[in-house]
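Just so it is clear, the values below take in all heavy atoms, side chains as well, and ignore hydrogens, waters and symmetry mates. First listed ligand is number 1; within each ligand, the first listed atom is number 1.
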Amino acid sequence: METIKAPRGTKDVLGDESWKWARVLSVCGDVARDFGYSEVLLPIFEHTELFSRGIGDATDVVEKEMYTFLDKGDRSITLRPELTASMVRSYLEHDMRRAPQPVKLWSAGPMFRYERPQKGRYRQFWQADFEILGVESPMADIETIDTSMEIYRRLGLTNLKVLINSVGCPKCRPAYREALKSFIESSPGGMDSLCETCRGRLERNPLRILDCKNPSCKEMTESAPAILDSLCGECKAHFEDVGRGLSRIGADFRLDKRLVRGLDYYTKTAYEILAGELGSQNAVCGGGRYDNLAEAIGGPRVPGVGFASGIERIVITLEGQGVYLGEKPKTEAYVVTASDGLAIEASALTHELRASKIPADTDYSGRGMKAQMKHASVLGADFVCIIGDDEAASGTVSVKNMSSGEQRSFIRSETASRLLSWKEEQNR
Ligand code: ATP
Ligand code: MG
């Protein structure tokens, strides 16, 4: 029988890598705490309708990328492709409008999109998602950008590009949509230079053409009018405030007139953060404002702004930039015994070391002392605690420093505290 492999587009994150994920997620948690976001744990599947209404039928995600199925009760269920719609659903469902505004939420976990797997693009991938709900102020937009940049700063990432744009609002966007359509229709080559997907988009969702990665679509829209020139007074003022606020906190950002979200409930600010190390999957973060999304999923109007950052892409960028994340967690002390008869003693000493927060391990397979010493060095243990026959008889433990070779003898009951002092002595 053929052995079963993980499905295409998924991957096992193993020990050599998973500790880096833990670091990234713990930095996300620290930044969330310092910026006042509280964590919410949301379901991995939702009613399909939440996404078809909350992301939009005319988006790639909903049209082509969702994992949708009927459950045993004939409900249409979808594995979440992103978190914003669930966040807003949760806000509405728990009536968070009654709490003081804004409500700041964050969450991290796996998302699912049926995409063509490539470096930095998977069918199951993790996002950390941060949202500020209930306020219209451009200061909230600035804060979300600052939140993501603070995560990258604390992780030691550099050379990130922040691109921002405004997508206007339902008041000013229709005129831009028409201007863009007539620009494309009247350009030499016009419709023929668009890819098939974009030809379909021209009627349904023309702004998305600006976002197309196909070179001929890019070329044809190179000199298309910019949405910034069509913004209404309110959107323009909002955009200028975001720019001023970002400059004031020293954020390095650039305008990108191609950055769009095609749907009506995405409003005003849209941004992306790019890292060169990622190749063509170059976005570590995508975010923006969505003042009409709560209404689209059947609630009252709740303005909101936020971002999602891809954890795999952060890890790839960290590795590409050679960022030092500290050392991989390892066993510090390994307990070695002379004979099987001392196994219980070894297990008890290991227990005591761990209780004193010394990462410790021991042998369970009755290997000889030499093999145990070898295992200790494979695990990278700094110290080996030896309970030989002599030590057992005298109620002591011989502790050897694996790098210097120095050996000390401790009274059995004091081993953990003496070892802690030795560690401190070394770190001085
Ligand atoms: P892209 O243009 O790369 O497809 P997107 O616009 O679909 O990105 P968003 O929906 O804004 O991405 O998601 C936010 C972030 O989640 C992205 O910036 C990226 O870091 C990450 N991400 C999105 N899709 C994937 C995927 N299939 N695999 C890994 N990470 C992803
Ligand atoms: Mg995508």
Original post:
Ion pair present between E312 and K11, side-chain N to carboxylate O less than 4.0 angstrom?
Top reply: no
Original post:
Strictly by modelled atom types, are R367 and H375 linked by a side-chain donor-acceptor pair under 3.5 Å?
Top reply: yes
**OP:** Considering heavy atoms of the protein only, find what lies nearest to atom 1 (P) of ligand 1 and give residue, atom and distance to 0.1 Å.
**Re:** R121 NH2, 3.6 Å
Subject >> Numbered atoms and elements of ligand 1 in range of C285, under 4.0 angstrom, heavy atoms >> reply: 18 (O)
Original post:
Nearest heavy atom to atom 18 (O) of ligand 1: which of A128, A275, A283 does it belong to?
Top reply: A283
Original post:
What do you reckon, does E82 put a non-hydrogen atom under 4.0 Å from ligand 1?
Top reply: no
Original post:
Which of parallel (below 30°), tilted (30 to 60°) and perpendicular (above 60°) describes F130 and W106?
Top reply: parallel
Original post:
Does D60 approach ligand 1 within less than 4.0 angstrom via side chain, backbone, both or neither, non-hydrogen atoms only?
Top reply: neither
Original post:
Do S216 and S193 have side-chain atoms, one donor and one acceptor, less than 3.5 Å apart?
Top reply: no
**OP:** Please confirm whether the backbone N or O of G109 pairs with a side-chain atom of Q127, one donor and one acceptor, at under 3.5 Å?
**Re:** no
**OP:** Would you mind running through ligand 1 and noting each atom that sits below 4.0 Å from a heavy atom of V284?
**Re:** 18 (O), 20 (O)
Original post:
Short N/O distance, under 3.5 Å, between E272 and ligand 1?
Top reply: no
Original post:
Can you tell me the protein heavy atom closest to atom 2 (O) of ligand 1 and the distance?
Top reply: K213 NZ, 3.0 Å
**OP:** Between Y122, Y114, F307, flag the one that comes closest to atom 28 (N) of ligand 1 by a heavy atom.
**Re:** Y122
Original post:
Within a radius of less than 6.0 Å around CZ of R153, do more than 12 heavy atoms belonging to other residues, nucleotides or ligands occur?
Top reply: yes
Original post:
Within the structure, does at least one protein heavy atom fall under 4.0 Å of atom 6 (O) of ligand 1?
Top reply: no
Show me, pair by pair, the donor-acceptor contacts under 3.5 angstrom made by side chains of residues 290-300, not counting sequence neighbours?
residue, atom, partner, partner atom, Å
Y290, OH, E131, OE1, 2.6
D291, OD1, R289, NH1, 2.7
D291, OD1, G304, N, 3.3

Original post:
With a 3.5 Å cut-off and no angle check, do the side chains of Y152 and T158 form a donor-acceptor pair?
Top reply: no
Subject >> Parallel, tilted or perpendicular, as decided by the 30° and 60° cut-offs, for the rings of Y114 and Y67 >> reply: perpendicular
Original post:
For atom 11 (O) of ligand 1, which protein heavy atom lies nearest, and how many Å away is it?
Top reply: G286 CA, 3.9 Å
Original post:
Of all the non-hydrogen atoms in the protein, which one sits nearest to atom 27 (N) of ligand 1, and at what distance?
Top reply: E115 OE2, 2.6 Å
Original post:
Is Q281 near ligand 1, meaning one of its heavy atoms is under 4.0 Å from it?
Top reply: no
**OP:** Specify the protein heavy atom at minimum distance from atom 29 (C) of ligand 1: its residue, its atom name, and the distance to 0.1 Å.
**Re:** G120 O, 3.2 Å
**OP:** Decide yes or no on salt bridge (charged side-chain N to carboxylate O under 4.0 Å, His left out) for K171 and E234, but give the supporting numbers first.
**Re:** CA-CA 10 Å; K171 268 186 284 168; E234 185 190 326; 3.4 Å; yes
Original post:
Any N or O of E312 that comes nearer than 3.5 Å to an N or O of ligand 1?
Top reply: no
Subject >> Heavy-atom neighbours of K161 NZ exceed 12 at 6.0 Å >> reply: no
Subject >> Shortest protein heavy-atom distance from atom 22 (N) of ligand 1, along with the residue and atom involved >> reply: F125 CE1, 3.6 Å
Original post:
Which ligand 1 atoms does Q127 reach within 4.0 Å, using its non-hydrogen atoms?
Top reply: 13 (O), 14 (C), 15 (C), 16 (O)
Subject >> Closest protein heavy atom (residue, atom, distance) for atom 21 (C) of ligand 1 >> reply: G310 CA, 3.8 Å
**OP:** Identify, for atom 12 (O) of ligand 1, the protein heavy atom at the shortest distance, and state residue, atom and that distance.
**Re:** R113 NH1, 3.8 Å
**OP:** With T269 as reference, evaluate D241, D141, N165 under the side chain to side chain donor-acceptor pair (under 3.5 Å) test and give the passing residue.
**Re:** D141
